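Written out below as structure tokens is the structure these notes cover.
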Amino acid sequence: QVQLVESGGGLVQAGGSLKLSCAASGRTFSRYTMGWFRQAPGKEREFVAAIRWIAFITDYADSVKGRFTISRDNAKNTLYLQMNSLKPEDTTVYYCAASGKDILTTRLVDYSYWGQGTQVTVSS
């Protein structure tokens, strides 16, 4: 079992930056592919970024490439999402997730553990 707790959300102006954190506890965090997803009201949860534990290989949604950076600190059991050049359309709830699979995946079904979410609001 893995427990995930996100933090770092808040209100920021367009063009600004925020850094989300996800503290993990429970089973071995360092062996899991980790990801960030987001979900707006009335919409499906969508992939944002993922990072594999081997060589820290990453993948990003096209909508955030070049603006967001996912990273992890296995020693601290913490996942991060640095978000720069934020846009109003980035406004939504962001979720941290852990996959029990040793693959880099963007699919929701491959993630077994989820945090409670943190709200990010970008004003225009």
Side-chain angles (χ1 to χ4, degrees):
Q1 194 76 0
V2 174
Q3 292 79 42
L4 304 172
V5 179
E6 303 97 333
S7 62
L11 174 64
V12 64
Q13 288 189 329
S17 298
L18 280 176
K19 187 173 185 177
L20 305 183
S21 298
C22 173
S25 60
R27 297 179 67 181
T28 307
F29 167 83
S30 62
R31 297 277 179 157
Y32 286 11
T33 288
M34 302 291 295
W36 288 98
F37 292 77
R38 62 188 183 185
Q39 185 172 21
K43 294 188 176 181
E44 293 187 352
R45 192 167 297 188
E46 65 176 10
F47 168 77
V48 175
I51 183 167
R52 195 176 172 200
W53 76 276
I54 293 179
F56 289 5
I57 298 171
T58 59
D59 194 11
Y60 296 91
D62 288 342
S63 59
V64 306
K65 277 181 182 176
R67 300 189 299 124
F68 291 10
T69 302
I70 187 172
S71 62
R72 63 193 294 168
D73 185 334
N74 289 338
K76 295 183 178 179
N77 286 348
T78 303
L79 178 73
Y80 303 100
L81 184 68
Q82 177 67 47
M83 304 185 295
N84 299 329
S85 302
L86 282 162
K87 304 175 181 179
E89 51 262 44
D90 295 318
T91 295
T92 188
V93 178
Y94 285 73
Y95 297 89
C96 169
S99 169
K101 300 177 184 291
D102 185 21
I103 56 172
L104 191 64
T105 176
T106 65
R107 304 193 312 162
L108 270 72
V109 295
D110 290 329
Y111 290 83
S112 302
Y113 307 100
W114 294 85
Q116 82 289 349
T118 186
Q119 176 70 44
V120 171
T121 303
V122 184
S123 63
S124 56

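It should be emphasised that the depicted structure is a prediction, and the values quoted were computed from it without experimental measurement.
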Legend entry - Min side-chain heavy-atom separation Trp36-Cys22 under 4.5 Å: yes
Inset, instruction - Output yes when a side-chain donor or acceptor of Arg52 lies under 3.5 Å from a complementary backbone atom of Asp102, and no otherwise. - result: yes
Legend entry - Heavy-atom check, side chain of Met83 versus side chain of Leu20, under 4.5 Å: yes
Inset, instruction - Start with the C-alpha distance between Arg38 and Val64, add both sets of side-chain angles, then the distance that settles side chain to side chain contact (heavy atoms under 4.5 Å, CB included), and finish with yes or no. - result: CA-CA 12 Å; Arg38 62 188 183 185; Val64 306; 4.1 Å; yes
Legend entry - Note, Glu44 side chain near Leu108 side chain (heavy atom, < 4.5 Å): no
Legend entry - Nearest-0.5 Å distance, CD of residue Glu46 to CD of residue Gln39: 9.5 Å
Legend entry - Main-chain N/O of Val5 paired to Gln116 side chain as donor or acceptor, under 3.5 Å: no
Inset, instruction - Flag the pair Met34 / Ile51 as yes when at least one side-chain heavy-atom distance between them is below 4.5 Å, and no otherwise. - result: yes
Legend entry - Where Thr78 and Ala23 come nearest, the two heavy atoms and their spacing: OG1-CA, 4.5 Å
Legend entry - Residue pair Leu79 / Ile70, side-chain heavy-atom distance below 4.5 Å: yes
Legend entry - Donor-acceptor pair, side chain of Thr121 and main chain of Thr91, under 3.5 angstrom: no
Legend entry - Tyr94, Tyr95, Trp114 screened by ring-ring contact (aromatic ring centres under 6.0 Å, His included) with Phe37, the one that passes: Trp114
Legend entry - Heavy-atom closest contact (Asp59 atom, Phe47 atom, distance): O-CZ, 3.6 Å
Legend entry - Closest approach of Ala24 to Leu4 (non-hydrogen atoms, all atoms of both residues): CB-CD2, 3.6 Å
Legend entry - Within-4.5 Å side-chain heavy-atom neighbours: Phe56 and Asn74: yes
Legend entry - Heavy-atom donor-acceptor pair, Ser99 side chain to Asp110 backbone, under 3.5 Å: yes
Legend entry - Any donor-acceptor pair under 3.5 Å from Ser21 side chain to Ser7 backbone: no
Inset, instruction - Check whether Leu104 and Tyr80 end up in the same hydrophobic cluster, where Ile, Leu, Val, Met, Phe, Trp and Tyr are linked by side-chain heavy atoms less than 4.5 Å apart. - result: no
Legend entry - Donor-acceptor contact present, side-chain Tyr111 to main-chain Thr105, <3.5 Å: yes
Legend entry - Residues Lys65 and Asp62 bridged, charged N to O under 4.0 Å: yes
Legend entry - Gln13 CD to Ser124 OG distance, which is reported to the nearest 0.5 Å: 9.5 Å
Legend entry - Cluster link Leu18 to Val93, ILVMFWY, side chain under 4.5 Å: no
Inset, instruction - Please confirm whether the backbone N or O of Thr69 pairs with a side-chain atom of Gln82, one donor and one acceptor, at under 3.5 Å? - result: no
Inset, instruction - Look only at the side chain of Arg67 and the backbone of Ser85, and say whether a donor-acceptor pair between them is shorter than 3.5 Å. - result: yes
